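Inspection log for the structure reproduced underneath, given as structure tokens.
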Amino acid sequence: MLIAHSESAFRQFLADTGKTPEFLLPEELLEAGISFFRTVRATDALLVGDDSFGDALLFQWGTRDALPPHYGACYYFDLTRQFISQQGEDDDAMFQLTCQLQYELSPRLRAVETGNRWCSNLQALPEFEAFAFGHPALLAVAGQRASKVEFYLTAV
């Protein structure tokens with residue numbers, strides 16, 4: 001897969017199982033995103049070395065305050081695939097395929113500490129997967145549909 005086709009490729013990957021990004025449960029996002037990372041690689045990303053994040057996963061969660069008029073306050077549950085292209089330099093070579101589930105804030109969700117975790121390669125994936133599926137961020141929203149979903153590929 002080419003980085004530029006990652007959004008449509010992930011949509012198709014989901015469609016093959018009868019799903020769309022807009023209606024994913026948080027546990028389904030993790031399952032699909034991790035499986036997509038494991039099985040569909042970006043052929044135009046930098047090869048992964050000891051310090052390279054050429055094709056990586058980023059799990060993010062937490063509370064975001066509002067920044068009117070750009071966005072409202074929410075609890076977010078996010079799985080982002082980050083690519084560093086073989087073409088370009090520095091930030092011009094970085095792209096992110098983001099799928100972020102957003103929830104109305106509640107005291108219970110505010111209690112979940114904001115954070116993130118990277119997975120830089122396939123060898124680190126089992127530990128990353130265990131971390132994500134056992135994390136309080138998932139437990140806080142498991143089984144719940146998001147009030148808003150953002151799904152897009154963007155340059156960083």
Side-chain angles (χ1 to χ4, degrees), residues 1-62 64 71 74-103 109 112-156:
M1 161 197 75
L2 296 175
I3 295 168
H5 300 152
S6 61
E7 183 176 346
S8 60
F10 189 49
R11 260 191 204 282
Q12 185 59 55
F13 188 85
L14 290 170
D16 290 346
T17 62
K19 295 179 174 53
T20 64
E22 296 78 15
F23 294 102
L24 288 173
L25 296 171
E27 58 272 20
E28 294 172 330
L29 171 58
L30 288 178
E31 288 168 7
I34 289 170
S35 181
F36 184 64
F37 179 74
R38 180 182 291 119
T39 60
V40 182
R41 308 304 297 157
T43 56
D44 57 339
L46 287 178
L47 297 176
V48 175
D50 291 341
D51 295 323
S52 174
F53 279 68
D55 186 351
L57 275 179
L58 173 60
F59 173 41
Q60 305 176 89
W61 63 88
R64 179 178 75 201
Y71 52 78
C74 71
Y75 175 84
Y76 61 91
F77 186 91
D78 180 299
L79 190 63
T80 293
R81 181 119 173 228
Q82 178 170 285
F83 306 101
I84 302 175
S85 173
Q86 295 171 10
Q87 306 298 315
E89 292 184 30
D90 301 322
D91 288 349
D92 291 338
M94 295 179 70
F95 299 87
Q96 291 186 331
L97 176 61
T98 297
C99 189
Q100 185 176 96
L101 311 180
Q102 297 176 7
Y103 297 87
L109 293 178
V112 178
E113 187 175 332
T114 297
N116 67 72
R117 176 84 175 248
W118 282 97
C119 179
S120 62
N121 57 53
L122 291 173
Q123 292 74 27
L125 193 56
E127 183 181 329
F128 177 85
E129 187 171 15
F131 174 86
F133 276 100
H135 198 275
L138 173 61
L139 300 176
V141 291
Q144 298 176 45
R145 295 261 179 240
S147 58
K148 182 177 180 182
V149 176
E150 292 189 3
F151 179 69
Y152 54 86
L153 176 67
T154 188
V156 175

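Everything numeric in this text was worked out from a predicted model, so none of it was measured.
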### Message
If you take the centroid of each ring, where Trp contributes its six-membered ring, are Phe77 and Phe59 closer together than 6.0 Å?
### Response
yes

#### Entry: salt bridge (Lys or Arg N to Asp or Glu O under 4.0 Å) assessment of Glu22 paired with Lys148
CA-CA 8 Å; Glu22 296 78 15; Lys148 182 177 180 182; over 6 Å; no

### Message
With a 4.5 Å cut-off on side-chain heavy atoms, are Val149 and Gln100 touching?
### Response
no

### Task
Quick one: do Glu7 and Arg81 satisfy salt bridge (Lys or Arg N to Asp or Glu O under 4.0 Å)? Show the steps, please.
CA-CA 10 Å; Glu7 183 176 346; Arg81 181 119 173 228; over 6 Å; no

### Query
Quick one: does Leu138's side chain get under 4.5 Å of Trp61's, heavy atoms only?
no

### For Leu153 against Leu97, the heavy-atom pair lying closest together
CD1-N, 3.9 Å

### Task
Rounded to the nearest 0.5 Å, what's the gap from SG on Cys119 to CD on Glu127? Could you check?
9.0 Å

### Query
Can you list the steps and then say if Phe13 with Phe36 is a ring-ring contact (aromatic ring centres under 6.0 Å, His included)?
CA-CA 7 Å; Phe13 188 85; Phe36 184 64; 5.2 Å; yes

### Message
What's the separation between atom CD in Glu28 and atom SG in Cys99, rounded to the nearest 0.5 Å?
### Response
11.0 Å

### Query
Are Phe133 and Glu31 side-chain neighbours, meaning at least one heavy-atom pair lies under 4.5 Å?
yes

### Query
Just by distance, do the side chain of Gln144 and the backbone of Ala140 share a donor-acceptor pair under 3.5 Å?
yes

### Message
Within the structure provided, determine whether Phe10 and Phe151 are in side-chain contact (heavy-atom separation under 4.5 Å).
### Response
yes

### Message
side-chain hydrogen bond (donor to acceptor under 3.5 Å, both in side chains) for Gln60 and Asn116? Distances and angles first, verdict last.
### Response
CA-CA 4 Å; Gln60 305 176 89; Asn116 67 72; 5.5 Å; no

### Message
Restricting to non-hydrogen atoms, name the atom on Ala93 and the atom on Gln87 that form the minimum distance, rounded to 0.1 Å.
### Response
CB-O, 3.4 Å

### Query
Would you find a donor on one side and an acceptor on the other, under 3.5 Å apart, between the side chain of Ser120 and the backbone of Ala56?
no

### Task
Look up atom CZ in Arg145 and atom CG in Leu25, then write down how far apart they are to the nearest 0.5 Å.
4.0 Å

#### Entry: Over all atoms of both residues, closest heavy-atom pair of Asp44 and Ile3
OD1-N, 2.9 Å

### Task
Flag the pair Phe128 / Arg117 as yes when at least one side-chain heavy-atom distance between them is below 4.5 Å, and no otherwise.
yes

### Summary
Taking every heavy atom of Phe37 against every heavy atom of Asp55, the minimum-distance pair comes out as CE1-O, 3.3 Å

### Task
Report the distance from atom CG of Leu57 to atom CG of Leu122, rounding to the nearest 0.5 Å.
9.0 Å

### Task
Count the heavy atoms belonging to other residues, nucleotides or ligands that lie under 6.0 Å from CZ of Phe23, then report whether that count exceeds 12.
no

### Test side chain to side chain contact (heavy atoms under 4.5 Å, CB included) applied to Thr98 and Glu150, step by step
CA-CA 7 Å; Thr98 297; Glu150 292 189 3; 5.6 Å; no

### Task
Return the minimal non-hydrogen interatomic distance between Ala146 and Gln102, and the atom names on each side.
CB-O, 3.4 Å

### Task
Answer whether the closest heavy-atom distance between the side chains of Asp78 and Leu101 falls below 4.5 Å.
no

### Message
Here's one to test your reading of the geometry: is the NZ or CZ of Arg64 within 45 degrees of the ring axis of Tyr75 and under 6.0 Å from its centre?
### Response
no

### Task
Determine yes or no for a side-chain-to-main-chain donor-acceptor pair under 3.5 angstrom, with Glu129 supplying the side chain and Pro126 the backbone.
no

### Task
Test Ile84 against Phe95 for side chain to side chain contact (heavy atoms under 4.5 Å, CB included), laying out the working first.
CA-CA 6 Å; Ile84 302 175; Phe95 299 87; over 6 Å; no

### Query
Closest approach of Leu14 and Ala32, non-hydrogen atoms and distance?
CD2-CB, 3.4 Å

### Query
Got a second to check how far Leu58's CG is from Trp118's CH2, nearest 0.5 Å?
4.5 Å

### Message
As an exercise, state the distance from SG of Cys74 to OH of Tyr103, rounded to the nearest 0.5 Å.
### Response
10.5 Å

### Message
Main chain of Val156, side chain of Gln96: is a donor-acceptor contact present, judged purely on distance under 3.5 Å?
### Response
no

